[in-house]
Amino acid sequence: MSYKSSTIKSKWKKTQWLLKESHIKQYVPATMTFSEKNLQSMLSSYSTVYFKPTNGSGGANIIRINKKDGGYQTQYNTVKTTYRTQEKLYKELKRFAGKKKFLLQKGIRLAKSNGRPFDIRVMVQKTNKGHWISSGLFTKIGIPNKVATNYNQGGSVGYFDKTLAGAGYDRLSIQNMESKLKQLGVSVGHNFDRNYKGFKELGLDVALDNNRKPWILEVNTRPQFYPLKNTNKTLYNRILSYGKQYGRTK
């Protein structure tokens with residue numbers, strides 16, 4: 001059986017869907033398409049802004065921009081560069097983008113677990129009766145000096161409970177956050193269904209800030225979960241059991 005679930009590449013299109021509904025919109029960081037005017041607007045509002053490809057995946061080609069005294073500092077992978085003016089920064093970003101489309105997103109300072117930044121993947125899948133369920137949560141734990149937490153950026157996969165405990169959450173807070181994120185996952189599933197047909201699975205990348213507020217950084221329409229195979233076989237098998245009905249094999 002072939003894979004049957006819609007995929008949408010454009011992060012901008014997906015962000016616009018989420019912004020249509022107020023109960024979801026509150027969890028979406030400010031996002032704009034990349035232009036000189038929008039760069040100016042984002043940097044006047046936020047101290048950290050992410051520059052990310054509209055159609056990128058796996059955490060590749062993301063640049064973090066931080067406002068500093070006397071200019072702006074960019075970080076690409078582990079390389080940091082400083083620009084005195086916004087004009088110079090814009091020129092460099094434009095050169096980097098080339099013909100590709102990029103987005104600007106308000107930077108969320110990721111919570112840390114035992115000193116390492118992490119975000120959360122919420123797997124949302126349809127049952128064979130066509131109901132959305134949040135089938136599993138796991139964490140992606142980054143390397144302290146990298147921009148993205150993705151597995152293929154050197155990050156590692158962790159257990160949700162354990163990671164949150166390492167971030168200072170007690171048992172009740174962990175349970176509350178789990179149910180909140182699972183509800184959010186199902187809401188996003190319904191939201192996507194209202195905008196396009198044929199989704200069977202979604203993967204939400206969610207950041208928690210220092211006030212324990214969840215932020216949806218991105219929604220993946222073909223989410224990877226293979227790294228779980230080596231760390232959390234039970235969860236891997238559970239996600240795969242739902243996946244098999246729409247042709248997912250790994």
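Small disclaimer: the values here were computed from a predicted structure and weren't measured. For this chain, numbers begin at 1 and follow the sequence in order.
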Please confirm whether the backbone N or O of [Y] pairs with a side-chain atom of [X], one donor and one acceptor, at under 3.5 Å?
X: Thr54; Y: Ser10; value: no
X: Asn211; Y: Lys213; value: no
X: Ser187; Y: Gln183; value: yes
X: Arg84; Y: Gly71; value: no
X: Lys14; Y: Val219; value: yes
X: Thr139; Y: Ile141; value: no
X: Lys250; Y: Tyr226; value: no
X: Thr7; Y: Ser5; value: no
X: Gln175; Y: Leu172; value: no
X: Thr221; Y: Ile8; value: yes

Side-chain heavy atoms of [X] within contact of [Y], under 4.5 Å:
X: Gln16; Y: Asn195; result: no
X: Gln75; Y: Asn66; result: no
X: Val188; Y: Val122; result: no

Could you verify whether a donor N or O on one side chain and an acceptor N or O on the other, from [X] and [Y], lie under 3.5 Å apart?
X: Lys100; Y: Asn61; answer: no
X: Ser173; Y: Asp170; answer: yes
X: Tyr242; Y: Glu201; answer: no

| message | Is there a side-chain hydrogen bond (donor to acceptor under 3.5 Å, both in side chains) between Tyr169 and Asp161? Walk through the geometry before answering. | response | CA-CA 9 Å; Tyr169 284 66; Asp161 296 18; over 6 Å; no
| request: Go through the steps to decide whether Lys52 and Glu218 satisfy the test side-chain contact (heavy atoms from CB on, under 4.5 Å), and finish with yes or no. | output: CA-CA 11 Å; Lys52 50 196 328 193; Glu218 201 175 313; 3.9 Å; yes
| query | Taking atom NZ of Lys13 and atom CG of Asn55, what is their separation to the nearest 0.5 Å? | reply | 10.0 Å
| field | Atom pair CD/NZ of Gln245 and Lys4 - distance to nearest 0.5 Å | value | 11.5 Å
| field | Residues Asn232, Val157; criterion side-chain contact (heavy atoms from CB on, under 4.5 Å); working and verdict | value | CA-CA 9 Å; Asn232 189 341; Val157 169; over 6 Å; no
| Should the ring pair Trp17 and Phe199 be called parallel, tilted or perpendicular, given that the plane angle runs from 0 to 90° and is split at 30 and 60? | perpendicular
| Exceeds 12 heavy-atom contacts within 6.0 angstrom, atom OH of Tyr3 | yes
| task | Inspect the surroundings of NZ in Lys25 and state if more than 12 heavy atoms from other residues, nucleotides or ligands are less than 6.0 Å away. | result | no
| request: Salt-bridge test for Glu92 and Lys88: reply yes if a basic N is under 4.0 Å from a carboxylate O, no otherwise. | output: no
| request: Decide side-chain contact (heavy atoms from CB on, under 4.5 Å) for Arg121 and Asn220; before the verdict, give the C-alpha distance in whole Å, the side-chain angles of both, and the deciding distance to 0.1 Å. | output: CA-CA 10 Å; Arg121 165 62 57 85; Asn220 300 278; 3.1 Å; yes
| request: Apply side-chain hydrogen bond (donor to acceptor under 3.5 Å, both in side chains) to the pair Tyr90 and Gln40, showing each step before the final yes or no. | output: CA-CA 9 Å; Tyr90 171 72; Gln40 199 177 349; over 6 Å; no
| Given Phe34, which of Tyr50, Trp12, Phe102, Phe51 fulfils the ring pair (Phe, Tyr, Trp, His ring centres under 6.0 Å) condition? | Phe51
| request: From the options Lys140, Lys112, Arg109, select the one residue that forms a salt bridge (charged side-chain N to carboxylate O under 4.0 Å, His left out) with Asp119. | output: Lys140
